Amino acid sequence: RFFPNITSIPPWLQPNSTAVQGAWDSFKKFGGCHPGEKSDGLSKLKNYFHYFGYIPNSPPSSNFTDDFDDELESAIKTYQKNFNLNVTGELDEQTLNHITRPRCGNADIVNGTTSMNSGKSTSLNSKHFHSVQH
Amino acid sequence: YSYFPGQPVWPESRRDLTYAFDPSNGLTDTVKSVFTSAFARWSEVTPLTFTQTDSYNGADIRIGFYNGDHGDGEPFDGILGTLAHAFSPPSGRFHLDDAEEWVVSGDVTTSSLTSAIDMESVAVHEIGHLLGLGHSSVEEAIMYPTIPSRTKKVQLASDDVQGIQSLYGANPNYNPSSTSTESTQQNDTSDAH
């Protein structure tokens with residue numbers, strides 16, 4: 001739908017607008033899910049990470065399990081680096097809020113490489129600064 | 001900023017690019033003008049030029065709105081989720097999800113429609129891909145991968161300008177002071193920041 005101007009949005013559409021669910025809003029139910037756990041639908045989140053390049057060389061998407069395994073934890077950490085989030089490897093609220101945002105369909109990591117934060121050297125990712133007094 | 005693997009760019013012989021809209025979409029001039037504005041933001045900082053043409057098949061850049069599976073192996077997913085995608089040079093394919101609630105003009109941040117997406121913001125981002133830029137981790141950059149609904153972000157950040165100028169050089173008339181670092185207006189209540 002095109003709205004030539006924001007004022008052209010019909011009133012009958014607006015009352016229902018708060019009920020609109022985004023394509024990934026269901027991921028918010030994984031909040032607090034930890035490595036080693038199993039949760040129904042987690043395979044869909046793995047598909048998400050696979051689609052945007054965070055789970056490389058994976059089997060066909062239908063083969064993803066609902067296990068919070070090392071592969072998923074690694075993907076979450078890489079995602080958190082790329083988006084300047086706290087690198088916890090967990091599905092915390094901040095990370096899930098970001099994952100469910102609308103976004104460009106192009107992958108962040110192509111063929112395993114990226115120039116986003118996660119593709120830069122470790123020293124550039126470090127938050128620790130070392131100084132020497134001269 | 002980042003590039004696609006292999007750093008593909010439009011060749012030296014193709015720096016005056018044409019763009020066209022899929023005739024089957026029947027887009028209005030108002031909608032088309034949004035893309036004209038978006039292209040202008042990139043031509044302002046580079047020697048590249050962009051001219052609209054009616055010859056869809058002959059255009060360097062081909063723009064279309066599609067639903068779901070539209071034949072390129074990258075199906076759209078309905079409202080929100082993925083908004084659009086574009087291919088690296090010299091493909092020129094630029095696809096937008098027809099299912100979105102696209103706001104063409106006006107202050108999208110005041111929309112009562114929580115899923116409203118500002119069309120020009122997405123267009124400026126995707127044109128960056130068409131020219132060879134990948135995603136950036138700099139949140140202020142146009143090439144940052146996500147954009148909340150009801151957000152307008154159309155001005156190139158210094159990260160975007162550095163990235164594109166390293167590929168094509170600078171527009172001789174470019175004035176660096178015109179690049180804003182505060183380019184985002186946002187009214188997103190879905191995130192609890």
Side-chain angles (χ1 to χ4, degrees), chain A residues 1-11 13-28 44 47-48 51-53 78-85 93-94 96-120 124-125, chain B residues 1-5 27-28 30-31 65 74 76-88 95 97-117 119 122 125-126 129 134-139 143-149 188-193:
Chain A
R1 284 184 289 217
F2 298 113
F3 299 108
N5 192 298
I6 200 67
T7 56
S8 67
I9 296 177
L13 192 58
Q14 296 177 14
N16 294 325
S17 62
T18 53
V20 171
Q21 290 288 303
W24 301 316
D25 281 358
S26 63
F27 292 159
K28 288 189 175 173
K44 291 179 181 173
N47 274 323
Y48 172 100
Y51 187 84
F52 293 113
T78 306
Y79 182 91
Q80 289 168 331
K81 282 182 193 171
N82 279 350
F83 288 87
N84 307 301
L85 305 170
E93 185 180 357
Q94 185 190 34
L96 283 169
N97 278 338
H98 214 95
I99 286 171
T100 53
R101 277 188 183 183
R103 58 162 291 160
C104 171
N106 287 34
D108 299 332
I109 301 173
V110 181
N111 298 332
T113 61
T114 180
S115 297
M116 293 180 75
N117 282 350
S118 66
K120 294 173 182 167
L124 289 174
N125 283 325
Chain B
Y1 58 87
S2 71
Y3 307 120
F4 289 99
L27 301 177
T28 64
T30 308
V31 172
F65 287 81
E74 307 287 341
F76 285 126
D77 52 9
I79 200 157
L80 300 179
T82 53
L83 307 173
H85 55 234
F87 292 71
S88 59
H95 301 161
D97 190 348
D98 198 38
E100 307 301 341
E101 288 166 328
W102 296 106
V103 172
V104 177
S105 68
D107 185 1
V108 72
T109 65
T110 63
S111 171
S112 58
L113 203 58
T114 56
S115 51
I117 298 293
M119 186 182 288
V122 174
H125 175 98
E126 298 304 331
H129 287 316
H135 285 150
S136 170
S137 287
V138 177
E139 190 160 7
M143 296 313 294
Y144 193 69
T146 64
I147 183 166
S149 56
D188 179 27
T189 55
S190 62
D191 285 1
H193 295 299

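This is a predicted model, so every value here is computed, not measured. The sequence lines fix the lettering, A, B, ..., with proteins before strands; numbering per chain opens at 1.
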Chain A contact via Pro145(B) - side chain, backbone, both or neither, heavy atoms under 4.5 Å: both
Under 4.5 Å from a heavy atom of chain A, the part of Phe76(B) involved: neither
Taking atom CZ of Arg101(A) and atom OG1 of Thr146(B), what is their separation to the nearest 0.5 Å? 4.5 Å
Pairwise distance OG1(Thr113(A)) to CZ(Phe4(B)) - rounded to 0.5 angstrom: 11.5 Å
Assess the side chains of His85(B) and Asn106(A): does a donor N or O sit below 3.5 Å from an acceptor N or O? no
Heavy-atom pair of closest approach, residues Ala23(A) and Gly81(B): CB-CA, 3.8 Å
Give, as side chain, backbone, both or neither, the part of Glu74(B) having an atom under 4.5 angstrom from any heavy atom of chain A. both
Pairwise side-chain contact, Val110(A) with Tyr3(B), heavy-atom cut-off 4.5 Å (strictly under): no
Might you point out which heavy atoms bring Asn111(A) and Pro5(B) nearest each other, and give the distance in Å? ND2-CG, 4.4 Å
Search all heavy atoms of Ser149(B) against all heavy atoms of Pro102(A) and return the closest pair with its distance. N-CG, 4.1 Å
Closest-packed option against chain A by number of heavy-atom pairs under 4.5 Å, given His129(B), Met119(B), His125(B): His129(B)
For Asp77(B) and Tyr51(A), run side-chain contact (heavy atoms from CB on, under 4.5 Å): C-alpha distance rounded to whole Å, both residues' side-chain angles, the deciding distance at 0.1 Å, then the answer. CA-CA 12 Å; Asp77(B) 52 9; Tyr51(A) 187 84; over 6 Å; no
Quick one: does Phe83(A)'s side chain get under 4.5 Å of Glu139(B)'s, heavy atoms only? no
Measuring heavy-atom distances to chain B, does Phe52(A) have an atom under 4.5 Å in its side chain, in its backbone, in both, or in neither? side chain
What are the two closest non-hydrogen atoms of Met116(A) and Ser136(B), and how far apart are they? CE-O, 3.7 Å
